Number of protein chains: 2
Amino acid sequence: MLPIQDYIGFQLLQIHRAHRARAEAALQKLGLHTGQEMLLFQLWKEEGMTPSQLAACLGVEPPTATKMLQRLERAGLIERRTDPEDARIVRIYLTERGRALERPVLEVWQHLEARTVANLSPTEQALLRRLLMQVSANLS
Amino acid sequence: MLPIQDYIGFQLLQIHRAHRARAEAALQKLGLHTGQEMLLFQLWKEEGMTPSQLAACLGVEPPTATKMLQRLERAGLIERRTDPEDARIVRIYLTERGRALERPVLEVWQHLEARTVANLSPTEQALLRRLLMQVSANLS
DNA sequence: TTCTTTTTGTTAGCCGTCTAAATAATAACA
DNA sequence: TGTTATTATTTAGACGGCTAACAAAAAGAA
């Protein structure tokens with residue numbers, strides 16, 4: 001009969017919201033919204049991926065990726081090209097403006113990550129990572 | 001230059017999504033959506049709270065609480081009553097149907113919490129809780 | 001008393017997320 | 001060949017979440 005605030009599930013939810021709020025504030029200066037940088041991370045690593053592949057990398061359903069891609073396209077950061085060999089397939093490429101965001105976004109994330117694990121020793125950080133991996137496996 | 005998947009921030013996001021998906025699946029059988037049960041938890045503890053108070057308990061902005069309350073009202077689980085002494089203030093009360101959900105929702109959460117911390121010893125669970133509290137403080 | 005400020009709540013509009021259903025094109029089979 | 005099944009993507013519509021702007025009521029000040 002624990003109060004809801006003591007559940008780890010509740011704690012995770014609160015942390016997620018706080019983390020997103022921090023990310024939103026920092027990404028806003030770059031004209032991005034939280035989550036969009038995830039897609040860009042994948043594209044900086046490899047262009048020409050399909051919406052489905054991107055969705056899988058992000059752990060998201062295809063319609064979610066579609067919507068995010070529409071907004072990124074409208075923002076002029078990516079472009080769609082239909083695959084010449086299979087007209088069902090769409091391939092996503094970065095525009096110049098999309099490529100230019102790599103460094104500043106990386107800095108935002110590194111800064112946020114540092115803040116997230118502040119006051120934790122390297123040992124504790126490794127431990128947290130391991131425990132979260134177990135939780136992740138439990139919920140998959 | 002870590003891949004994004006190795007960031008703790010990314011791990012937290014994935015865990016949150018997995019956790020929400022599990023909660024959604026279980027709550028769906030009760031006619032609820034993820035997050036709504038949080039509001040109900042507060043009301044089961046104390047009725048007559050105002051939207052602002054509820055938002056604060058949930059760590060959410062007032063407009064978010066307003067929307068959730070509208071949906072819960074439409075679903076017949078809560079009702080609004082204007083405070084007789086101060087017409088600005090709205091007080092939220094449960095309906096019979098809202099009260100009836102306490103036990104089944106609690107069971108859903110206990111079950112999900114057990115799954116979340118499965119394969120973790122009591123020591124590890126306490127450790128995880130402590131580390132998450134630190135992360136939470138870092139991001140606040 | 002009347003005007004201004006503060007407080008409370010809601011509306012509007014955006015984004016991420018989901019499921020279910022529609023669309024379109026390729027593949028497979030009879 | 002023509003019909004059916006499968007695959008890739010998008011659309012529609014719901015929900016949680018946010019900020020900014022609005023409305024209404026109470027409190028305070030002149």
Side-chain angles (χ1 to χ4, degrees), chain A residues 10 12-40 48-56 58-75 77 80-92, chain B residues 10 13-40 49-56 58-75 77 80-92:
Chain A
F10 184 83
L12 287 168
L13 176 62
Q14 289 214 133
I15 288 173
H16 164 252
R17 281 203 286 248
H19 189 273
R20 190 184 49 186
R22 294 281 172 194
E24 187 75 29
L27 291 173
Q28 180 200 332
K29 295 163 192 161
L30 303 175
L32 288 176
H33 289 275
T34 310
Q36 299 182 330
E37 85 281 15
M38 300 289 182
L39 256 170
L40 294 176
M49 296 183 78
T50 69
S52 295
Q53 290 172 335
L54 289 167
L58 269 59
V60 149
E61 296 302 313
T64 301
T66 292
K67 267 197 189 175
M68 293 170 74
L69 289 168
Q70 289 170 340
R71 284 157 188 157
L72 287 171
E73 185 173 31
R74 200 181 314 145
L77 302 178
R80 297 172 143 73
R81 296 186 209 150
T82 303
D83 187 296
E85 313 227 323
D86 185 340
R88 289 173 301 184
I89 294 176
V90 172
R91 300 201 173 276
I92 310 297
Chain B
F10 184 83
L13 176 62
Q14 290 215 131
I15 288 172
H16 165 252
R17 280 203 288 246
H19 189 273
R20 191 185 47 187
R22 294 282 173 193
E24 187 75 30
L27 291 173
Q28 181 200 332
K29 296 163 192 163
L30 303 174
L32 287 175
H33 289 276
T34 310
Q36 301 183 328
E37 86 280 16
M38 300 290 183
L39 256 171
L40 295 176
M49 297 182 80
T50 69
S52 294
Q53 289 173 334
L54 289 166
L58 270 58
V60 150
E61 295 303 311
T64 301
T66 293
K67 266 196 191 175
M68 293 169 74
L69 289 169
Q70 289 169 341
R71 284 156 188 157
L72 287 171
E73 186 173 30
R74 200 182 312 144
L77 302 178
R80 296 172 143 74
R81 297 187 208 151
T82 303
D83 187 297
E85 315 226 322
D86 186 340
R88 289 175 300 186
I89 294 176
V90 171
R91 299 200 173 276
I92 310 297

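All heavy atoms count here, side chains included; hydrogens, waters and symmetry mates do not. By convention in this document, chain letters (A, B, ...) are assigned in the order of the sequence lines, proteins followed by strands, and residues within each chain are numbered from 1. All values reported here derive from a predicted model rather than from experimental measurement.
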A.B. asks: With DNA chain C as reference, determine whether B/Arg91 or A/Val60 sits nearer its 5' end, using the nearest nucleotide of each.
C.D. replies: B/Arg91
A.B. asks: Would B/Val60 and A/Arg17 count as a side chain to side chain contact (heavy atoms under 4.5 Å, CB included) here? Give the steps.
C.D. replies: CA-CA 9 Å; B/Val60 150; A/Arg17 281 203 286 248; 3.5 Å; yes
A.B. asks: Please tell me which of A/His33 and A/Glu61 maps to the more 5' nucleotide of DNA chain C, matching each residue to the nucleotide holding its nearest heavy atom.
C.D. replies: A/His33
A.B. asks: The side chain of B/Thr66 is closest to which nucleotide in this list: C/dG9, D/dT10, D/dC15?
C.D. replies: C/dG9
A.B. asks: A/Gln53 or A/Arg17: which one's nearest nucleotide on DNA chain D is closer to the 5' end?
C.D. replies: A/Gln53
A.B. asks: Rounded off to whole Å, could you give me the NE2-to-P distance for the A/His16 and D/dC18 pair?
C.D. replies: 10 Å
A.B. asks: Step through the shown structure and confirm whether more than 12 heavy atoms of other residues, nucleotides or ligands are within 6.0 Å of CD on B/Gln28.
C.D. replies: no
A.B. asks: B/Arg74 has an atom CZ; how far is it from atom C1' of D/dG16, in whole Å?
C.D. replies: 14 Å
A.B. asks: Return the value, rounded to whole Å, for the distance between atom CG of A/Leu40 and atom P of C/dG16.
C.D. replies: 11 Å
A.B. asks: So does A/Gly35 get a backbone contact from the side chain of A/Glu37, meaning a donor-acceptor N/O pair under 3.5 Å?
C.D. replies: yes
A.B. asks: Nearest to the side chain of A/Thr50 - D/dT10, C/dT10, D/dT9?
C.D. replies: D/dT9
A.B. asks: Would you tell me if any nitrogen or oxygen in the side chain of A/Arg20 comes within less than 4.0 Å of OP1 or OP2 on D/dG16?
C.D. replies: no
A.B. asks: Just compare D/dA24, D/dT6, D/dT9 and give me whichever is closest to any side-chain atom of A/Arg88.
C.D. replies: D/dT6
A.B. asks: At 4.0 Å (heavy atoms only), tell me whether A/Ser52 reaches a base, stays on the sugar-phosphate, or touches nothing.
C.D. replies: sugar-phosphate
A.B. asks: Give the nucleotide from the list D/dT11, C/dG9, C/dT10 with an atom nearest to the side chain of B/Pro63.
C.D. replies: C/dT10
A.B. asks: Give me the atom names and distance for the closest heavy-atom approach of B/Glu24 to B/Thr34.
C.D. replies: OE1-OG1, 2.6 Å
A.B. asks: Among C/dC18, D/dA25, D/dC15, which nucleotide has an atom closest to any side-chain atom of B/Arg71?
C.D. replies: D/dC15
A.B. asks: Please report the distance, rounded to the nearest Å, between CG in B/Leu69 and C1' in C/dT10.
C.D. replies: 11 Å
A.B. asks: Using the side-chain heavy atoms of B/Asp86, tell me which of these nucleotides is nearest: C/dC18, C/dA25, D/dA25.
C.D. replies: D/dA25
A.B. asks: On the nucleotide D/dT11, are OP1 or OP2 found under 4.0 Å from the side-chain N or O atoms that A/Gln70 carries?
C.D. replies: yes
A.B. asks: What does B/Glu24 touch in the nucleic acid at a heavy-atom separation under 4.0 angstrom: a base, only the sugar-phosphate, or nothing?
C.D. replies: nothing
A.B. asks: Tell me whether the side-chain N/O atoms of B/Thr34 come closer than 4.0 Å to OP1 or OP2 in D/dC15.
C.D. replies: no
A.B. asks: Atom CD1 of B/Ile92 and atom CE of B/Met49: how far apart are they, to the nearest 0.5 Å?
C.D. replies: 10.5 Å
A.B. asks: Let me confirm one number: the CG-CD distance from A/Leu58 to B/Gln14, rounded to the nearest 0.5 Å.
C.D. replies: 8.0 Å
A.B. asks: To the nearest Å, how far apart are A/Gln28 CD and C/dG16 P?
C.D. replies: 14 Å
A.B. asks: Please evaluate the base of C/dT10 for a donor-acceptor partner in the side chain of B/Lys67 within a cut-off of under 3.5 Å?
C.D. replies: no
A.B. asks: What is the separation between atom CD on B/Glu73 and atom P on D/dC15, rounded to the nearest whole Å?
C.D. replies: 14 Å
A.B. asks: Take the protein atom CD of A/Glu85 and the nucleotide atom C1' of C/dA27, then report the distance between them rounded to whole Å.
C.D. replies: 15 Å
A.B. asks: Please tell me if B/Gln36 has a side-chain N or O lying less than 4.0 Å from either OP1 or OP2 of D/dG16.
C.D. replies: yes
A.B. asks: Rounded off to whole Å, could you give me the CG-to-P distance for the A/Leu72 and C/dC15 pair?
C.D. replies: 10 Å
